[in-house]
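Take a look at the structure below.
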Amino acid sequence: MATHQDSDSTAAADVSETENLTLVQAVRDGLATEMERDEDVVVMGEDVGKNGGVFRATEGLYDEFGENRVIDTPLAESGIVGTAIGMAAYGLRPVAEMQFMGFIYPAFDQIVSHAARLRTRSRGRYTCPLVVRAPYGGGIRAPEHHSESTEAMFVHQPGLKVAIPSTPADAKGLLTSAIRSPDPVIFLEPKLIYRAFREEVPTESYEIPLGEAAVRREGSDISVYTWGAMTRPTLEAAENLAGEIDVEVVDLRSLSPLDEETIVDSFEKTGRAAVVHEAPKTGGLGAEIIATLQEEALLYQEAPVERITGFDTPFPLYALEDYYLPEAARIEDGIRNAVEF
Ligand SMILES: Cc1ncc(C[n+]2csc(CCOP(=O)(O)OP(=O)(O)O)c2C)c(N)n1
């Protein structure tokens, strides 16, 4: 039986070739690059094969790698992840697609009760190098459970890693790290920005390590922590406030493990903070970030930390979606509150 070693971290040092890709194209590129490099990587899910996936994230992979490595499954998320866990334990590196994060719940038991615990349950004899990919978040006028952001549920489960890219280049690099991780990773793709913009993405294979946040904009007055699709309106708010308030924007990229060092370093510089997330406020990851600041940097704090979030309601239908999701104006108000305290 194959056992998994820790991932080799062969990040490409001098990358010269790039391609101008959207985020979803970068996900596809990340899958293809790893499948070429490692024949243990297999992709599975509803309509990922012949059809190329509901968002086209696996387009062409079936023709390139064949039906044994790009597997169309029944509509049964628990079965998809349960099968993938077995495949991972026995030496493969499955990447399972959930069509929408709202359909991950039938697989929640498999993820939490089995994937997350395999290493500790077997005292390290088995690991579970599984990636579960899911498009998530609002903003595309999708119905009900197609739009929510329940990342905090997975962050709360020890044994899982959770990554969320906000740019095409990050999507490829984080996905590569996720596939090479010896432990399960929930990889959440903000579908609002699947095709919102393009970026030069290295054609070679490269890793962006899980657990490293990115400071997207430097500033000295306030630290704003965000991730995924909220990174763009947060940067927009920061630009709108420039000249009045000097805003630092930290894109977490990895929600578990959290890059506490970057989070705290930024706060020690600014003394004020806001968190922006799509998910409801109560029990959201913003609360964890604030707790971290209290524990690690209380004496630097000059004002209450603002939470600019979705509301504590089920995700609304189309007409109210724009009110539910934080946008630049609401983020600016929150930042002002924290700075004017
Ligand atoms: C639990 C769950 N997972 C995924 C989906 C997304 N989904 C909506 S329709 C569909 C395809 C259904 O195909 P089929 O059962 O063959 O019915 P058809 O619509 O083709 O008649 C999928 C996967 C869903 N609605 N519910």
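Along the sequence shown, residues are numbered consecutively beginning with 1. Read the numbers this way: they start at 1 and go in the same order the structure lists the ligands and their atoms.
- Between the side chains of E77 and Q99, not a single donor N or O lies within less than 3.5 Å of an accepting N or O.
- Close approach to E46 involves these atoms of ligand 1, each under 4.0 Å from a residue heavy atom: 3 (N), 4 (C), 23 (C).
- The presence of a protein heavy atom under 4.0 Å from atom 7 (N) of ligand 1 is confirmed.
- Ranking protein heavy atoms by distance to atom 3 (N) of ligand 1, first place goes to E77 OE2, 2.6 Å.
- Nearest protein heavy-atom contact of atom 13 (O) of ligand 1 is L75 CD1, 4.7 Å.
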Using a 3.5 Å cut-off and no angle test, enumerate the donor-acceptor pairs between side-chain atoms of residues 278-288 and protein atoms at least two apart in sequence or in another chain.
residue	atom	partner	partner atom	Å
E278	OE1	G138	N	2.9
T282	OG1	D312	OD2	2.4

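- Distance check for atom 19 (O) of ligand 1: every protein heavy atom is found at 4.0 Å or beyond.
- Within the 4.5 Å cutoff, the side chain of V70 has heavy atoms near those of the M35 side chain.
- If you check the side chains of S205 and T33, you find no donor sitting under 3.5 Å from an acceptor.
- Atom 22 (C) of ligand 1 has its closest protein heavy atom at Q99 OE1, 3.5 Å.
- When hydrogens are left out, the protein atom nearest atom 5 (C) of ligand 1 is F103 CE1, 3.3 Å; that is the closest non-hydrogen contact.
- In summary, the side chains of T150 and Y105 do present a donor paired with an acceptor at a separation below 3.5 Å, with no hydrogens or angles considered.
- Counting heavy atoms from C-beta on, the side chains of I104 and Y136 never come closer than 4.5 Å.
- For atom 25 (N) of ligand 1, a protein heavy-atom neighbour is found at a distance under 4.0 Å.
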